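Quick caveat: nothing in here was measured; it's all calculated off a predicted structure.
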Amino acid sequence: MTATEWARISNDAFNVALFAYLAAMVAYFAYLAFRRTSIWTVARTLAFVGLAANIVSVVARGLAADRVPWGNMYEYSSLLALLVVAGYLLIVEGYYGIRTLGGFALMFAVFTMAIAVSFLYVGPGPLVPALNSYWIKIHVVAAISGSSLLALGSIATILYLIQDRVERRRTAALAARDPAPIMGGSIDLDVPPDFAPDADEPATPASGDRRGRLPSAATLDRVAYRVYAFAFPIWTFAVIAGAIWAQEAWGRYWGWDPKETWSFITWVIFAGYLHARATSGWKGRRAAVIAMVGFVALLITYYAVNLWIVGLHSYAK
Amino acid sequence: MAASSPPPTLSQSLALVWRTLRSMRTALILLLLLALASVAGSLVPQSPNSPARVLAYRQDHPLAGALYQRLGLFDVFGTWWFALITTLLFVSLVACLVPRTRALLRAVGQRPVQAREIDAFPQYRERRVSSAPGDAIVASERILRRRFFRVARDPDRPALAAEKGILREGGSLLFHWAFILVLIGVIYGKGTGFSGRAVIVEGDTWVDAAANYDGQIRAGRFFDGRFTGIGVRLIDFEDRYERTGQPMDFVSRVELLDADGEPIRREDIRVNHPAGIEGLRLYQYGFGWAPVVVVRRDGGPIASEPIVFVQDEAPEGVPQLAMPWRGVLKLPSLDPQVGIELELWPDSRAFVQMLETGEPVAMTSAFQPLIRYAVWSGRLTDPSPLSLDTTNMTREATGIVGADQVVALEDGAVVDDPAAAGGLTIGFPELRKYTVLQVSRDAGVPFVLLAAILILLGLLPALYGSRRKVWVRAEPDGEGSVLKVGGFALQRKARFEEEFPRLVDALARAAGEAPAPQEERVGIR
């Protein structure tokens, strides 16, 4: 097949993926509302259809341009959506068995792809010399994988903040209704003693209350932490690989270029989050707020730096 | 503080400062401050990266510009307050790391401590096994060691204590100490290194010496001022483009020469593909046209050399390659002195198009090039080779000279035999290219790279490892014994809940599981 045909296939598959994600998003939210397994099956099937189309689109794009399919913002966005959806299906739904976050993960993918196709589209073409290096395979893959995981974790964090608020209100309401037991009335007596402060454990113990639409705050908090802890070394590696590439291309490994600066800011904030998790008084809500600030920094690193701030990464529009 | 208590002594105050620095809260706040300072550094133009934009900003916003200058916001990463945040962060880091490292070394030297009541641990199971208590403990020790537990036998009875996961703390410490190595590498590399730019015309040789750098050399504080004397001869430079005008490749084909001028080897220097020699790294940075311009007076050449031409920055919407190239030729020996402004159009079709339609066309390669010139006479005051100050000069003539042509400067008429012509003539026999290489030395790179690898190596166990402690006790029970196993994890407790039963199964199997495994007590307390 010719490059033009591959390009057309890529664009068609992109549209299929976008609409399948959109439909899957609606279905996942319907599942969140009605909790019918049949709705979930439909949502999951749609998400997989979208994922398959997304993969076809990315691969065909690479064949059309005869290079790695991540050479500009449009292509990054397509790959980012792919990895967020794949990460959700494999990690959140596959590993943790949480099905109620699908709508939010797909919403992120839909926004990313819609922005890409509306504002960032460019036809397939060769790489500019500055990007033509084997480091593009290493650095960009690490950066997009890290971004997609950080985005997934942030979805869990947003929902944690919501759910935590709901649970606190409920606890407060319960406490107001029933007078506190005089002594030892707590149901938590058989909880093991805490041996040491631990970043893995949620700040608020599981309430065991399963009536909520969302997973419990404790579960959301734990999932978010595990995903961030998975993403952080990848992001660290992406920054390091970027520095090695910068040394090869520009003769210095660090020059406080806006992209470098913002990826560093993102890294510092998530490092702060990981430390906050292990600090008493900062666990829970405060740590979650730090993670949210980190997510905003990630979005700035990803979009704003390339589109609005002049720097060495401006060619990656 | 109560009124009666004495004021704190100096050592008490210092201890308080030290404790504050050591706390995680301080480190967190410093980390967030570092992020905040970096945000400022990315939003305000930075003079080391884009001095032109800083200048423009200061012109557009004089008040804010002056304030920013005062606060150092145009060079955030070079200000005292950025250095202060970084220094405090590193001091806090060391303050935190020293006691932790000491504790880790102590823990490594120590044997796991025996427990008195193992059934009180969060995880606890009992199994009946066929071996005698002593043999059961020997078997358990073998299994635990195979799973990388450190094991200590109880000298008084058939029991043991085991633990693993010290790598978690070790990894965390390695991760944090590696930042000290980053700091050392950066200070050493930037302090003793330098970076500058070399402009080399095709066919010429550039020698690494202070005077030969184009513009300013950015040298570190401890730079010893010694240059290598190596030579770089530019064989040719090639730039290739797509039909759309998108650049495809920039290559400087060079021959590297040692300090005595003897050739060492040839290299192709590209974007993303630098060359290295004697601790120097050469990077493809820029390029341009360098036409050879010959000026004769009464037939005898008075100037004959390639002149480096530069471009003005293209206005919005105009491709950079559509801009003409500007150069200056100065003839100080004439009386009155003469300066010639030159404007090169490497592709004359673009010049014609510009005249006819006003539409800019990118000139990606040379095609019947031409040079427009303006001759000024008077006094040369501007020493720069790239610009001509015409305030004290009068314009004598303008004209156009094509490739391989010679024209009389006075009236622009084409001269057939330049050697016989009277007055001043200008010729344009050859169009060459020049390359701009960035030359830099940074001996700290290997240290920073090593530190980066250590950071990653440390990060993995620090995030994914967990400390687990297990105790095993065997008590006689009929023919065999009862194996009592207790334990807990300091981190990743949920995962340990799954790991623990499997571990107990393995221990029981090794000690000879009783025919009908009857679990007497199961559960998570």
Side-chain angles (χ1 to χ4, degrees), chain A residues 125-126 128-135 190 192-193 195-196 198-201 222 229-230 232-233 236-237 239-240 243-245 247-259 261-262 264-266 268-269 271-272 274-276 278-282 290 293 297 300 305 309-312, chain B residues 24-25 27-28 31-32 34-36 38-39 41-43 45-46 48-50 53 76-77 121-122 186 195 242 244 246-250 270-274 281-285 438-440 442 445 448-449 452-453 455-456 459-460 463-464 466-467 488-495 524-525:
Chain A
V128 295
L131 289 180
N132 198 355
S133 158
Y134 58 87
W135 282 103
D190 56 351
F195 284 86
D198 173 16
D200 284 356
E201 305 306 317
R222 200 183 73 239
F230 186 29
F232 189 71
T236 309
F237 176 72
V239 174
I240 290 172
I244 296 174
W245 189 5
Q247 175 70 24
E248 284 295 295
W250 301 320
R252 84 290 180 294
Y253 50 83
W254 200 266
W256 297 109
D257 167 71
K259 195 81 163 183
T261 308
W262 273 101
F264 173 72
I265 293 167
T266 309
V268 164
I269 296 174
L274 292 178
H275 284 91
T279 310
S280 57
W282 285 73
I290 295 179
V293 176
I300 294 174
V305 171
I309 302 177
V310 179
L312 288 168
Chain B
M24 186 78 102
R25 235 173 69 102
L28 264 176
L31 268 179
L32 296 180
L34 186 67
L36 214 62
S38 308
V39 171
S42 84
L43 296 182
Q46 298 293 292
N49 296 17
S50 42
R53 288 181 53 229
V76 166
F77 306 106
F121 290 116
V186 169
S195 106
E242 284 284 290
T244 56
Q246 185 191 320
M248 287 287 289
D249 200 11
F250 304 115
R270 291 184 151 87
V271 181
N272 277 313
H273 186 81
R281 305 272 279 168
L282 311 170
Y283 299 87
Q284 182 62 52
Y285 183 81
Q438 176 175 316
V439 183
S440 54
D442 187 340
V445 170
V448 179
L449 183 63
I453 293 168
I455 283 170
L456 275 176
L459 195 51
L460 298 179
L463 282 176
Y464 305 135
S466 66
R467 278 192 80 182
F488 68 87
L490 283 166
Q491 297 92 14
R492 313 201 74 172
K493 290 168 187 163
R495 188 197 258 198
I524 305 152
R525 281 206 359 132

Around atom CZ of A:F232, are there more than 12 heavy atoms of other residues, nucleotides or ligands at under 6.0 Å? yes
In terms of the angle between their ring planes, are B:F77 and A:W256 parallel, tilted or perpendicular, with boundaries placed at 30° and 60°? parallel
Most heavy-atom pairs under 4.5 angstrom with chain A, which of B:A27, B:P45, B:A35? B:A35
Option that, when pairs with chain A are counted at under 4.5 Å, heavy atom only, ranks first among B:V39, B:L282, B:L36, B:L34: B:V39
Measure B:S440 against the heavy atoms of chain A and call it side chain, backbone, both or neither at under 4.5 Å. side chain
Looking only at heavy atoms and a cut-off of under 4.5 Å, which of B:E242, B:R270, B:Q46 has the most pairs with chain A? B:E242
What residues form a side chain to side chain donor-acceptor pair (under 3.5 Å) with B:Q284, not counting sequence neighbours? B:S252, B:T435
Bottom line for B:I455: the part with an atom under 4.5 Å from chain A's heavy atoms is side chain
Does A:W250 offer a backbone N or O that forms a donor-acceptor pair with the side chain of B:Q438 under 3.5 Å? yes
Quick one: list whatever passes side chain to side chain donor-acceptor pair (under 3.5 Å) with A:T261, sequence neighbours left out. none
With a 4.5 Å cut-off on heavy-atom pairs, point out which of A:T266, A:I290, A:I240 contacts chain B the most. A:I240
Which answer fits A:F237, side chain, backbone, both or neither, if we ask what part of it has an atom under 4.5 Å from a heavy atom of chain B? both
Identify the two heavy atoms, one from B:Y464 and one from A:P233, that lie closest to each other, and give their separation to 0.1 Å. OH-CG, 3.6 Å
Given that the side chain runs from C-beta out, which part of B:V439 has a heavy atom under 4.5 Å from chain A: side chain, backbone, both or neither? neither
Indicate yes or no for a side-chain donor-acceptor contact from A:E248 to the backbone of B:P274 under 3.5 Å, with no hydrogens or angles considered. no
Structural part of B:D442 lying under 4.5 Å from a heavy atom of chain A: side chain
Atom group of B:L460 that falls short of 4.5 Å from chain A, counting heavy atoms: side chain
Can you tell which part of B:L449 gets under 4.5 Å to a heavy atom of chain A, answering side chain, backbone, both or neither? side chain
Scanning both residues in full, the closest heavy-atom pair of B:S42 with A:W262 reads OG-NE1, 2.6 Å
Counting only non-hydrogen atoms closer than 4.5 Å, does B:L459 touch chain A with its backbone (N, CA, C, O), its side chain (CB onward), both, or neither? side chain
Who wins among B:V448, B:V76, B:I453 for the most heavy-atom pairs under 4.5 Å with chain A? B:V448
Structural part of A:Y134 lying under 4.5 Å from a heavy atom of chain B: neither
Could you verify whether a donor N or O on one side chain and an acceptor N or O on the other, from A:W135 and B:N272, lie under 3.5 Å apart? no
